[in-house]
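This report refers to the structure that appears directly beneath it.
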Amino acid sequence: MSQINIRFPDQSVKTFEKGTTPLAIAQSISRGLAEKCVVADVNGKQVDLTTPINEDASIKLLTTDTPEGMQVFWHSSAHVMAQAVKRLWPEAKFEDGPPTEAGFFYDIFLPRAISQEDFPKIEAEMEKIAKEKLSYSRKELSRSEAMEFFKSIGQDFKLDIIQNIPDGQTISSYTQGEFTDLCRGPHIPHTGLIKAFKVMSVAGAFYKGDENNIQLQRLRAISFPSKKQLDEYLTMLEEAKRRDHRKLGKELELFLITPAIGGGLPVWLPNGTVLRRTLENFIKEELIKRGYQEVITPHIGNLNLYKTSGHYPYYSDSQFAPIKVEDEEYLLKPMNCPHHHQIYSSKPHSYRDLPIRLAEFGTVYRYEQSGELTGLSRVRGFTQDDAHIYCRHDQLKDELVNAVELTQLVFKTFGMDVTTRLSFRDPQNAEKFAGSPEMWEQAQREIKEVADSMNLIYQIGIGEASFYGPKIDFIVKDALGRKWQLGTVQVDYVMPERFELEYIGADNQKHRPVIIHRAPFGSMERFLSILIEHYAGNFPTWIAPIQVAILPIADGHVAYGEQLKTRFESEKIRSSVDARNEKIGYKIREAEMKKIPYILVIGDKEVADTKVAVRRHGKGDQGAVTLENFIKDIREKIETKSQD
RNA sequence: GCUGGUGUAGCUCAGCUGGUAGAGCAACUGACUUGUAAUCAGUAGGUCGACGGUUCAAUUCCGCCCACCAGCUCCA
């Protein structure tokens, strides 16, 4: 009997009999590993634990403690859910059921609408299937066998998938119990490993992601190898919901969205306005340092402007209808750029003038579909911290670097995790993108060179470019794990042509400038939504709407409290006095719930010594300090933009 | 826009199978003059999202619309 060498991740090598399986190898190491192990990585390819190994190999045993293991675990769970649905409603037809970042879903065609009342039934059936400890058995099929089989069980969507599998790729099915699904695998050894299920939601999903197709029912669920892990996950979800900016926005009186004004048209309340203005002032200071000039442009513009730019034809279905005034038509501005281009072209420019950097907090209006509106994250009126940099081609890279650095400064200042995407055009979908293929190749190459020179870690998003050029996009996740694009830096060779922008070069000839569009925050509204969730409403002192709550213990201390407030005003410290006739515990509770960073309790002792008793939000009593020391400390926190 | 769900006082929520609504907190009034997360008592507050229908009677049943929530599609 021949032997083979198996190499482990720690580089140790052990000898096994030829034809051994990852499961047997796991069992030879420890029983615990064998029980937790769900799939194996053999020579870089994931396989079932029961797959025989017939030659020397490197192996990695993946347990449910690894992200890869959980992906397989959830994928296998999706099959269990499909089986459960099939048992409950035999007429169900299945499309696709992949794992996700948290759990899995299956797209199902079923004439009957699945509702929340059905979830417990589905979960119960899934638990039954788990208890049956059905093993997943793999079978490889020819295309015709696969077509014949899935036709015989009426799974029409699978036929379509089979037809789209490229030649030469193995077609396989997995069977557990009476249920067989088309699947490339791999899978966990048996359904008994899945100990806890929770069906989360059902929603429509267009077949193949095309809104002209029928809608399937997307059943989302999550599963775990233990009940405890499920409970922890559900608790984590509850925590996340508490950070939701829509909830905190109401509780902390930051903003208001009311049908009386209109969906997706947020109103900034006094507290939220402080927050937003503080961020705007922060960026304005940076713009001054970096040679930007501020401009202001109107909220509407002649429709012809947007016909020239191409925004109107490209996005006419997501703009508010034009307004007719006398014989002209005007559009609520969906973008600031055409206005800025008019500023550029209002006078001739020398190559010596460039770059020209025009910045504006410009409010734009877009008709977003009603189903898309989400708090401050997706709205119909929002303000971009926009700027357009008109530069010579030899200045482009430096200007791009500068713009990316500014964006990075923003995220660093707030300690936010961000991922970077280079958004390129999709050559398969060329009609969506203006300009020549050569222009696109050049602009994309330039963006990539800048990203590489700055050692950015990025993904490339094909088809994510804007119609006039590629972008470097900065993407963050909200409390519920949804991804949103915030900052963006874009290269544009199209608009200079369309608006016939030019400068006179050293050669006394006319040249086209290149435009960089950039917005470090992106949309102030969306940025604030993420910021609120990032801090869970516990804002660092420098941006907190109210920085200091002054709490007099009794009526006799209110006058001193008012003196403190006046002093704080002169020091540019935002404070409020709670002069109500309430016990100190009550006032403290309220100030804590408002998440005010500093709480000052003042009574006889403080009045006598010109001191303040400091309590930090969430940290309790810090003891008394002199007023002057307190002011010095908090001013430092504000000036250094401390996270504290 | 599409699929499913939700809509009751300022906020958070209760209200079984139809008989015009209730709690806690907040607000207001009074008492208490208070030392680190809720003092006590009282008062007031609702076209039960809008409109239409069925019914002797609709917050409750039906229809249509609106808003919000989850997802899909879209996102300059």
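The structure displayed is predicted, hence computed values, not measured ones. In the text below, chain A, chain B and the rest are named by the order of the sequence lines, each starting its count at 1.
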What contact category does [X] fall into here, base, sugar-phosphate, or nothing, at under 4.0 angstrom with non-hydrogen atoms?
{"X": "A/Ala203", "value": "base"}
{"X": "A/Ile599", "value": "nothing"}
{"X": "A/Glu606", "value": "base"}
{"X": "A/Arg246", "value": "sugar-phosphate"}
{"X": "A/Gly371", "value": "base"}
{"X": "A/Arg482", "value": "sugar-phosphate"}
{"X": "A/Lys432", "value": "sugar-phosphate"}
{"X": "A/Tyr315", "value": "base"}
{"X": "A/Gly209", "value": "sugar-phosphate"}
{"X": "A/Ile588", "value": "base"}
{"X": "A/Phe105", "value": "nothing"}
{"X": "A/Arg380", "value": "nothing"}
{"X": "A/Glu464", "value": "nothing"}
{"X": "A/Ala613", "value": "base"}

Rounded off to whole Å, could you give me the [atom1]-to-[atom2] distance for the [X] and [N] pair?
{"X": "A/Met593", "N": "B/A26", "atom1": "CE", "atom2": "C1'", "result": "10 Å"}
{"X": "A/Arg378", "N": "B/C75", "atom1": "CZ", "atom2": "P", "result": "9 Å"}
{"X": "A/Arg580", "N": "B/C40", "atom1": "CZ", "atom2": "C1'", "result": "17 Å"}
{"X": "A/Asp317", "N": "B/A76", "atom1": "CG", "atom2": "P", "result": "12 Å"}
{"X": "A/Gln369", "N": "B/C74", "atom1": "CD", "atom2": "P", "result": "9 Å"}
{"X": "A/Leu248", "N": "B/C11", "atom1": "CG", "atom2": "P", "result": "16 Å"}
{"X": "A/Gln116", "N": "B/G71", "atom1": "CD", "atom2": "C1'", "result": "12 Å"}
{"X": "A/Asn213", "N": "B/U3", "atom1": "CG", "atom2": "P", "result": "15 Å"}

From the options [options], select the nucleotide whose nearest atom is closest to the side chain of [X].
{"X": "A/Ile584", "options": "B/C72, B/U36, B/G4", "result": "B/U36"}
{"X": "A/Lys605", "options": "B/U36, B/G35, B/C72", "result": "B/G35"}
{"X": "A/His311", "options": "B/G4, B/A76, B/C74", "result": "B/A76"}
{"X": "A/Arg589", "options": "B/G35, B/A70, B/A38", "result": "B/A38"}
{"X": "A/Glu368", "options": "B/U39, B/G35, B/C74", "result": "B/C74"}
{"X": "A/Lys250", "options": "B/U12, B/A70, B/C72", "result": "B/U12"}
{"X": "A/Ser370", "options": "B/C72, B/G1, B/U39", "result": "B/G1"}
{"X": "A/Arg526", "options": "B/C75, B/A70, B/A76", "result": "B/C75"}
{"X": "A/Val601", "options": "B/U36, B/U33, B/G1", "result": "B/U36"}
{"X": "A/Asp555", "options": "B/C68, B/U33, B/G35", "result": "B/U33"}

**Report entry** Atom CD of A/Glu253: over 12 foreign heavy atoms under 6.0 Å
**Finding:**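 Atom CD in A/Glu253 is not packed in, count stays at 12 or less.
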Query - Any A/Tyr586 side-chain N or O less than 4.0 Å from OP1/OP2 of B/A26 - result: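 Affirmative; the distance criterion is met.
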Query raised in the report: When you check the gap from the basic side-chain N to the acidic O, do A/Glu368 and A/Arg380 get nearer than 4.0 Å?
Result: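 Not counted as a salt bridge, because no side-chain N and carboxylate O are separated by less than 4.0 Å.
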Would you kindly check whether a donor in the side chain of [X] faces an acceptor in the base of [N], or vice versa, at under 3.5 angstrom?
{"X": "A/Ser318", "N": "B/A76", "result": "yes"}
{"X": "A/Arg615", "N": "B/A37", "result": "yes"}
{"X": "A/Arg366", "N": "B/C74", "result": "no"}
{"X": "A/Gln217", "N": "B/G71", "result": "no"}

Query raised in the report: A/Tyr314 stacking on B/A76: centroids under 5.5 Å, ring planes under 30°?
Result: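 Per 5.5 Å and 30° rule: no stacking.
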Gap in Å between the two [atom1] atoms, one belonging to [N] and one to [M], rounded:
{"N": "B/A21", "M": "B/A50", "atom1": "P", "value": "16 Å"}
{"N": "B/G63", "M": "B/C28", "atom1": "C1'", "value": "43 Å"}
{"N": "B/C11", "M": "B/A26", "atom1": "C1'", "value": "7 Å"}
{"N": "B/U47", "M": "B/U60", "atom1": "P", "value": "16 Å"}

Requested in this report: With RNA chain B as reference, determine whether A/His617 or A/Glu590 sits nearer its 5' end, using the nearest nucleotide of each.
Outcome: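 In this pair, the answer is A/Glu590.
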**Report entry** Set of side chain to side chain donor-acceptor pair (under 3.5 Å) partners for A/Gln490, sequence neighbours left out
**Finding:**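 Checked A/Gln490 against side chain to side chain donor-acceptor pair (under 3.5 Å); matches are A/Tyr468, A/Thr488.
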Query raised in the report: Just by distance, with hydrogens left out, do A/Asn336 and A/Gln384 show a side-chain donor and acceptor under 3.5 Å apart?
Result: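 Present: a donor and an acceptor within the cut-off.
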Query raised in the report: Does A/Phe433 have its ring centroid less than 6.0 Å away from the ring centroid of A/Phe467?
Result: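 A/Phe433 vs A/Phe467: aromatic centres not under 6.0 Å.
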Report task. With rounding to the nearest 0.5 Å, note down the distance linking NZ in A/Lys198 to CD1 in A/Ile122. Result ->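 It comes to 12.0 Å.
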Report task. State the NE2-CG distance between A/His517 and A/Asp492, to the nearest 0.5 angstrom. Result ->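 One gets 3.5 Å once the value is rounded to the nearest 0.5 Å.
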Query raised in the report: Taking the six-membered ring for Trp, are A/Tyr344 and A/Tyr390 parallel (under 30°), tilted (30 to 60°) or perpendicular (over 60°)?
Result: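 Judged by the thresholds at 30° and 60°, the geometry between A/Tyr344 and A/Tyr390 is parallel.
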Requested in this report: Indicate the ring-plane relationship of A/His299 and A/Tyr365, choosing parallel, tilted or perpendicular according to the 30° and 60° boundaries.
Outcome: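 A/His299 vs A/Tyr365 ring planes: tilted.
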Query raised in the report: Is any side-chain heavy atom of A/Phe539 closer than 4.5 Å to a side-chain heavy atom of A/Pro597?
Result: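 They are not in contact (no side-chain heavy atoms under 4.5 Å apart), so the answer is no.
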Report task. Would you sketch RNA chain B in dot-bracket for me? Only Watson-Crick or G-U wobble pairs with both distances under 3.5 Å count, crossing pairs as [ ], other-strand pairs as |, the rest as dots. Result -> (((((((..((((.....[..)))).(((((.......))))).....(.(((..]....))).))))))))....
Query raised in the report: When you measure from the centre of the six-membered ring of A/Tyr598, is the NZ or CZ of A/Arg616 under 6.0 Å away and within 45° of the axis?
Result: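 Yes, A/Arg616 lies over the aromatic ring of A/Tyr598.
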